[in-house]
Amino acid sequence: MTSGLALCLALAGCGGGSASTAASGSSSTTLSAQAELGKKIFADTSLSASGQQACASCHDPENGHAPSNALAAQMGGADMTLQGGRNSPSIRYLQTNTAFYFAADGTPTGGFFWDGRAASLKDQAKGPFLNPVEMANTSVADVVAKLAATSYAAEFKTVFGADILTRPADAFDRMAQALQQYQLEDSEFHAYTSKYDAFLRGQTTLTEQETRGLALFNSATKGNCAACHPSSQSPNGALPLFTDFTYDVLGVPRNPELSQNADASYYDLGLCARSTGDLTARTDLCGAFKVPSLRNVALRKAFFHNGYFKTLKDAITFYVQRDTNPEKFYPVGSDGTVQKFNDLPAAYHANVNTTEVPYNRKPGDAPALSDSEIEDVIAFLNTLTDGWSASSGTASASASH
């Protein structure tokens, strides 16, 4: 269940606190009645066909609201034996995201899920309940029947009307609305309590290695990470989200751990093939997936849309050595030819980003980052984990309340 929200429903306008509260890192939260319901729905496994899966199953609060395991995609379905098609992303720091649009320069931006097909938190929240490989309910009425049997059904009626459960379509809509409010109002989803946040507020300093890592992260000739994952405060003082909500075609290797890839003719084409069908003609967008926030990235156990890489070091190494040492990541044919970009049909290989640093290299060139510089960047990325404590010098996955 990826999430976010249209700009018109951003945090400051929805009773979830002000922008200044978010920027200050305050983690105190008083939830509205709707948000309290959303919190219960978020954790309720009884709302799935299996009785074993909730939103929190794939978006664990103790792991930055991302999966707590290294599976390429989570298991679901009526008996929990079906595998999803994509890696479940973290759902933190999406409160100011917008519905999908093309920027003035034509850059695809916004939207929720890896392919941007949902327009808001409320929109995206509905999908997993009916997805056959996730919570696997057979219909909206099926979901609402389960809701009616919960311990908080009376509370739901108090908030949304005494007859709400007799109107399944409306009740389902209100469930999604409650989930939206929970993710907007609960500061755990946008805590701004990392060491880097404290550094930006002048409350602590970075170590020498973290400082080197930040410089490499920002450098347009080295990591160039900030090109898509901005690290600076905005002019109004808002703390960085470490995503620009755009899309990129990275040519991540095909992952044999995904059952869907057993079919050699199947390719997950991302933006151009999303279920809404509105971008089918935009073959230049085939292979493009959402740029995620890097906040809490050090907690992740699987990376990219297909979960191919399992460590942060491997993911960064791919970024900087994909083009200098492609044989490390892609199959090599019997003739010695590297089968580069093997998770995209050859017709779309030209879509892969090969012009921006660090991808603007060829075999034999030096990678943009050395192994020691990769370690420096990792040290910096560890400062983006929520729950940092000045007294302990460590961070936890979830912010305190």
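Along the sequence shown, residues are numbered consecutively beginning with 1.
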Do the two ring centres, one from [X] and one from [Y], sit under 6.0 Å apart?
X: Phe245; Y: Phe112; answer: no
X: Phe242; Y: His229; answer: no
X: Phe303; Y: Phe318; answer: no
X: Tyr196; Y: Phe380; answer: yes
X: His190; Y: Tyr93; answer: no
X: Phe156; Y: Phe160; answer: yes

Sequence neighbours left out, what pairs pass salt bridge (charged side-chain N to carboxylate O under 4.0 Å, His left out) with at least one residue falling in residues 227-244?
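For residues 227-244: none.
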Once salt bridge (charged side-chain N to carboxylate O under 4.0 Å, His left out) is applied, what residue pairs with a partner in residues 72-87 remain, sequence neighbours excluded?
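Sorted pair list: Arg86-Asp115, Arg86-Asp268.
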Within 45° of the axis and under 6.0 Å from the centre of the six-membered ring of Tyr266, does NZ or CZ of Arg254 qualify?
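Because its charged atom misses either the 6.0 Å distance or the 45° angle limit, Arg254 does not stack over Tyr266.
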Nearest 0.5 Å, please: how far is [atom2] in [Y] from [atom1] in [X]?
X: Leu312; Y: Leu299; atom1: CG; atom2: CG; answer: 10.0 Å
X: Thr45; Y: Met135; atom1: OG1; atom2: CE; answer: 8.5 Å
X: Cys272; Y: Tyr247; atom1: SG; atom2: OH; answer: 12.5 Å
X: Gln34; Y: Leu37; atom1: CD; atom2: CG; answer: 8.0 Å
X: Leu121; Y: Lys126; atom1: CG; atom2: NZ; answer: 12.5 Å
X: Leu179; Y: Phe42; atom1: CG; atom2: CZ; answer: 8.0 Å

Between [X] and [Y], is there a donor-acceptor pair closer than 3.5 Å when you use the side chain of the first and the backbone of the second?
X: Asp142; Y: Ala145; value: no
X: Gln233; Y: Gly237; value: yes
X: Gln180; Y: Lys122; value: yes
X: Asn351; Y: Thr283; value: yes
X: Thr204; Y: Phe199; value: no
X: Lys40; Y: Ser151; value: no
X: Trp114; Y: Ala288; value: no
X: Asn261; Y: Pro256; value: no
X: Asn63; Y: His65; value: no

Assess the residue pair Arg274 and Asp278 against the criterion (salt bridge (Lys or Arg N to Asp or Glu O under 4.0 Å)); give the C-alpha distance rounded to whole Å, side-chain angles, the decisive distance to 0.1 Å, and a yes or no.
CA-CA 8 Å; Arg274 61 189 191 179; Asp278 57 324; 2.7 Å; yes
Say whether [X] and [Y], considering side chains only, have a donor N or O and an acceptor N or O under 3.5 Å apart.
X: Asn382; Y: Lys195; result: no
X: Tyr152; Y: Asp44; result: yes
X: Gln95; Y: Gln183; result: no
X: Lys146; Y: Asn137; result: yes
X: Glu185; Y: Ser32; result: yes
X: Gln339; Y: Asn342; result: no
X: Ser372; Y: Ser370; result: yes

Can you say whether the rings of Phe289 and His305 are parallel (under 30°), tilted (30 to 60°) or perpendicular (over 60°)?
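Correct class here is parallel.
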Give the intermediate values and the outcome of side-chain hydrogen bond (donor to acceptor under 3.5 Å, both in side chains) for residues Asn218 and Ser231.
CA-CA 8 Å; Asn218 288 336; Ser231 62; 2.6 Å; yes
Taking salt bridge (Lys or Arg N to Asp or Glu O under 4.0 Å) as the definition, give me every residue that meets it alongside Asp248, ordered by chain and number, with sequence neighbours left out.
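Expected list: none.
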Under a 4.0 Å N-O cut-off, is there an ion pair linking Asp123 with Arg117?
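Looking at Asp123 and Arg117, the cut-off is not met.
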Between Asp323 and Arg361, is there a side-chain N and carboxylate O pair less than 4.0 Å apart?
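No, Asp323 and Arg361 are not salt-bridged.
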side-chain hydrogen bond (donor to acceptor under 3.5 Å, both in side chains) evaluation trace for Thr311 with Asp314:
CA-CA 5 Å; Thr311 70; Asp314 286 346; 3.2 Å; yes
Would you say Arg295 and Asp197 make side-chain contact, with heavy atoms under 4.5 Å?
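When only atoms from C-beta onward are counted, Asp197 and Arg295 do touch, with a gap below 4.5 Å.
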Mind running side chain to side chain contact (heavy atoms under 4.5 Å, CB included) on Thr221 and Val357 for me, showing each step along the way?
CA-CA 6 Å; Thr221 60; Val357 175; 5.6 Å; no
Taking all non-hydrogen atoms of both residues into account, name the closest pair between Val338 and Tyr330 and its distance.
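Result for this residue pair: CG1-CB, 3.8 Å.
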Steps toward side chain to side chain contact (heavy atoms under 4.5 Å, CB included) verdict (Val352, Leu250):
CA-CA 6 Å; Val352 179; Leu250 299 179; 5.9 Å; no
Single hit among Arg212, Lys222, Lys313 for salt bridge (Lys or Arg N to Asp or Glu O under 4.0 Å) with Glu373:
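Of all the options given, the one that passes is Lys222.
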Check the pair Glu257, Lys310 against salt bridge (Lys or Arg N to Asp or Glu O under 4.0 Å), reporting the backbone distance first and the verdict last.
CA-CA 12 Å; Glu257 293 179 23; Lys310 305 302 183 184; 3.1 Å; yes
